[in-house]
Amino acid sequence: MRTSIGTALATGTDGRKVGSEAAASALADLPTDRVDFCQVFCSIEYEYEGVLEGIREIVGTDAALIGCSTASAFTEREVAEGAVAVSLVTSDTLTFVTGFGTGLRENVSRAVREAVEDFPAAVDGYPYLSAINLHDGLSSVGEELALVTQQKLGPTVSIVGGSAADDHQLEATHVFHDDTVARDAVVLALIASKERPIVSVRHGHEPLSDPVEVTRSAGSDVFELDGKPAFEVWKDAVREPVREEFGVEIDDLEAGDQLLQRIMCEFEFGIDQGEGRYKMRWPWVEDDYQVLRFALDIPEGTVFRVMHGASDAQIESAREAAETAAEKAETEGSGIAGAFVYDCACRGIVLGEEFPVAVEAIADELEVPFVGFETYGEMCMGLGQFSGFHNTTTVILLLPE
């Protein structure tokens, strides 16, 4: 037996029952009742422990399990809010080891060290290593976490993953490891494979403004750009295109307005990575308008451009991420058993009712089972990369057969 993946979504009112139904549907896709690995994405509408209990009733206690809270979740067949998404893997060509670390905000290195404590440096007969990183989405340590994870695992290990979400409430996000549910934590899964895993990442934004420098910041709060109030600089850059696209004046929108939230996802900031590549950074504002807040620390001296990513570009970037991954797999000559997808909640806000179209585009390109969720930030570090935390991207990990 090579690798088989089963995926399913379920919704309802009883978390335990929903977890059981999702797991049973995913198990029905497998050629055996043996489950080696389970990844779970769960809406905040459910009591997480009950969901995990329902899943365990189906998959048993031997399967390694990781997961997190989310906004919406999806499989190759559907997208749903208020859902539990489950992916089950059985394989003789992949092995899985999982770990869990706490105290992420206080000490990233210690949390990752705790999570990787039982990870092997190599697995005999499985020459390729990759890893999944799921973590508290409100920890504001995404970039540091990506780098520390790579340092602990080594430069030859490809890393993907995402920040747990809470349906845009920005109050509390959780990760799951086996039967444990926790905040301020990171969960890792090390995947050893006989064939090379494939990773891919894409965003749908293009530069809109001239470069601006962060001249006053503290942690994840940015107060000034080029010596001027940061929010005012952003508004000056987007005022005309917002007027043309949305028919509104940006100065008339209040901090809690859903339209402003969508606009701030469509007009984000990008950090120039050279050769026309940008790393996206998602801002938001609160009632006092005195600060732009980000999902991770933004040091003074960072050079931004305001970017624009309309809905059609977001759909196309999802397709490109899948197409690139599929082409890499074909070049490697490896069959694809399935995929894990980590897609930003900002893209969900920009796309709205069109978000399923983007998921459909991924399905059309991959033609394999996959499961994914809307994140508060995505992680993707391929071989030789030195920066791995992203916003408003589609990240894909293909699991070889």
task = Under the side chain to side chain contact (heavy atoms under 4.5 Å, CB included) rule, what do Val303 and Asp272 come out as? Steps first, then yes or no, please.
result = CA-CA 8 Å; Val303 176; Asp272 193 341; over 6 Å; no
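- Ionic pairing of Arg56 and Asp178 is present here: one or more N-O contacts between side-chain nitrogen and carboxylate oxygen are shorter than 4.0 angstrom.
- Of all non-hydrogen atoms in Leu296 and Ser220, the two that sit nearest each other are O-CB, 3.2 Å.
- Although no hydrogens or angles enter the test, the distance criterion places a donor-acceptor pair under 3.5 Å between the side chain of Glu143 and the main chain of Gly388.
- Aromatic ring orientation, Trp282 versus Tyr376: tilted (interplanar angle from 30° to 60°).
- Heavy-atom neighbours of Glu117 CD from other residues, nucleotides or ligands within 6.0 Å: at or below the threshold of 12.
- Proximity of a side-chain donor or acceptor of Thr173 to a complementary backbone N or O of Gly137 within less than 3.5 Å is detected.
- Residues Val86 and Ile55 meet the side-chain proximity criterion, which asks for heavy atoms closer than 4.5 Å.
- Checked by atom type, the side-chain pair His168/Asp166 shows no donor-acceptor distance below 3.5 Å.
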ask   = When you look at Val186 and Asn133, which way does the side chain to side chain contact (heavy atoms under 4.5 Å, CB included) test go after all the steps?
value = CA-CA 7 Å; Val186 56; Asn133 180 315; 3.6 Å; yes
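- Cation-pi check for Arg281 over Phe294 is not met; the charged atom does not lie both under 6.0 angstrom from the ring centroid and within 45 degrees of its normal.
- Ring-plane geometry between His308 and Phe267 is classed as parallel, the angle between the planes falling under 30 degrees on a 0 to 90 degree scale with a further cut at 60.
- Using a 4.0 Å cut-off between a side-chain N of Lys or Arg and a carboxylate O of Asp or Glu, Arg2 and Asp92 do not qualify as a salt bridge.
- Separation of atoms CD (Glu327) and CD1 (Ile198) is listed at 11.5 Å; rounding is to 0.5 Å.
- Surrounding CD of Glu240 are more than 12 heavy atoms belonging to other residues, nucleotides or ligands, all under 6.0 Å away.
- Closest approach of Ala255 to Leu260, counting heavy atoms only: CA-CD2, 3.9 Å.
- Between atom NZ of residue Lys152 and atom CG of residue Leu147 there is a gap of 12.5 Å, rounded to the nearest 0.5 Å.
- The pair Arg77-Asp29 meets the salt-bridge criterion, since a charged nitrogen lies less than 4.0 angstrom from a carboxylate oxygen.
- Between Pro31 and Thr90, some side-chain heavy-atom pair lies under the 4.5 Å cut-off.
- Donor-acceptor pairing under 3.5 Å is recorded for the side chains of Thr3 and Ser91.
- In this structure, the side chain of Arg293 does not engage the main chain of Trp284 through any donor-acceptor pair within 3.5 Å.
- Aromatic ring centres of Phe176 and Tyr48: separated by under 6.0 Å.
- Side-chain contact check for Leu104 versus Leu145: some heavy-atom pair is nearer than 4.5 Å.
- Counting heavy atoms from C-beta outward, Glu354 and Ile315 have side chains that approach closer than 4.5 Å.
- Considering NZ of Lys228 and CZ of Arg216, their distance stands at 15.5 Å, rounded to 0.5 Å.
- Contact record, Val51 with Cys42: CG2-SG, 3.8 Å, taken as the closest heavy-atom pair.
- Between Thr392 and Glu268, the side chains place a donor N or O and an acceptor N or O closer than 3.5 Å (distance only, hydrogens not considered).
- A salt bridge links Asp251 with Arg239; the closest basic N to acidic carboxylate O contact falls under 4.0 Å.
- To the nearest 0.5 angstrom, Gln39 atom CD is 11.0 Å from Leu88 atom CG.
- Contact between Gly6 and Leu30 at its shortest, heavy atoms only, is N-CD2, 3.4 Å.
- Ring centroids of Tyr278 and His203 are separated by 6.0 Å or more, keeping the two rings apart.
- The pair Arg183-Asp136 does not meet the salt-bridge criterion, since no charged nitrogen lies less than 4.0 angstrom from a carboxylate oxygen.
- The main-chain N or O of Val199 is found under 3.5 Å from a side-chain atom of Lys328 such that the two form a donor-acceptor pair.
- The closest donor-acceptor contact from the side chain of Thr393 to the backbone of Val395 lies at 3.5 Å or more, if one exists at all.
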request  = Go through Asp343 and Phe355 one step at a time and tell me if the side chain to side chain contact (heavy atoms under 4.5 Å, CB included) criterion holds.
outcome  = CA-CA 10 Å; Asp343 209 309; Phe355 184 71; 4.2 Å; yes
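- Neither side chain, Glu320 nor Ser317, offers a donor N or O lying under 3.5 Å from an acceptor on the other.
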message = Working note: Val18 + Thr11, criterion side chain to side chain contact (heavy atoms under 4.5 Å, CB included); need CA distance, chi angles, decisive distance, verdict.
response = CA-CA 6 Å; Val18 171; Thr11 59; 5.6 Å; no
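- Distance alone, capped at 3.5 Å, is enough to place a donor-acceptor pair between the Thr93 side chain and the Glu401 backbone.
- Between the side chain of Arg305 and the backbone N or O of Phe269, no donor-acceptor pair lies under 3.5 Å.
- For the pair Thr215 (side chain) and Gly227 (backbone), a donor-acceptor distance under 3.5 Å is present.
- The number of heavy-atom neighbours closer than 6.0 Å to CD of Glu206, taken from other residues, nucleotides and ligands shown, is 12 or below.
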task = Could you walk me through whether Ser163 and His135 pass side chain to side chain donor-acceptor pair (under 3.5 Å), step by step?
result = CA-CA 5 Å; Ser163 305; His135 52 275; 2.8 Å; yes
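- Nearest heavy-atom pair across Thr98 and Ala189 is CG2-CB, 4.0 Å.
- How far CD of Gln290 is from CZ of Phe231: 10.5 Å, rounded to the nearest 0.5 Å.
- Contact annotation: the side chain of Glu144 approaches that of Val148 to within less than 4.5 Å [non-hydrogen atoms, C-beta and beyond].
- No donor-acceptor distance shorter than 3.5 angstrom exists from the side chain of Thr302 to the backbone of Ile298, with no hydrogens or angles considered.
- Under a 3.5 Å cut-off, the side chain of Tyr46 and the backbone N or O of Gly82 do form a donor-acceptor pair.
- Scanning both residues, Phe100 and Ala182, for their nearest heavy atoms gives CZ-CB, 3.5 Å.
- Residues Phe370 and Thr7 form no side-chain contact, since every pair of their non-hydrogen atoms from C-beta on lies 4.5 Å or further apart.
- In this structure the side chain of Val201 never reaches within 4.5 angstrom of the side chain of Thr394, judged on heavy atoms.
- Glu249 has a carboxylate O that lies under 4.0 Å from a charged side-chain N of Arg243, or vice versa, which qualifies the two as a salt bridge.
- Within the 4.5 Å cutoff, the side chain of Val291 has no heavy atoms near those of the Val285 side chain.
- The residues Arg16 and Glu57 are annotated as salt-bridged, a charged nitrogen and a carboxylate oxygen being separated by less than 4.0 angstrom.
- Shown here is Glu232, whose CD atom has more than 12 heavy atoms of other residues, nucleotides or ligands within 6.0 Å.
- Rounding to the nearest 0.5 angstrom, the gap separating the CD1 atom in Ile396 from the CZ atom in Phe340 is 13.0 Å.
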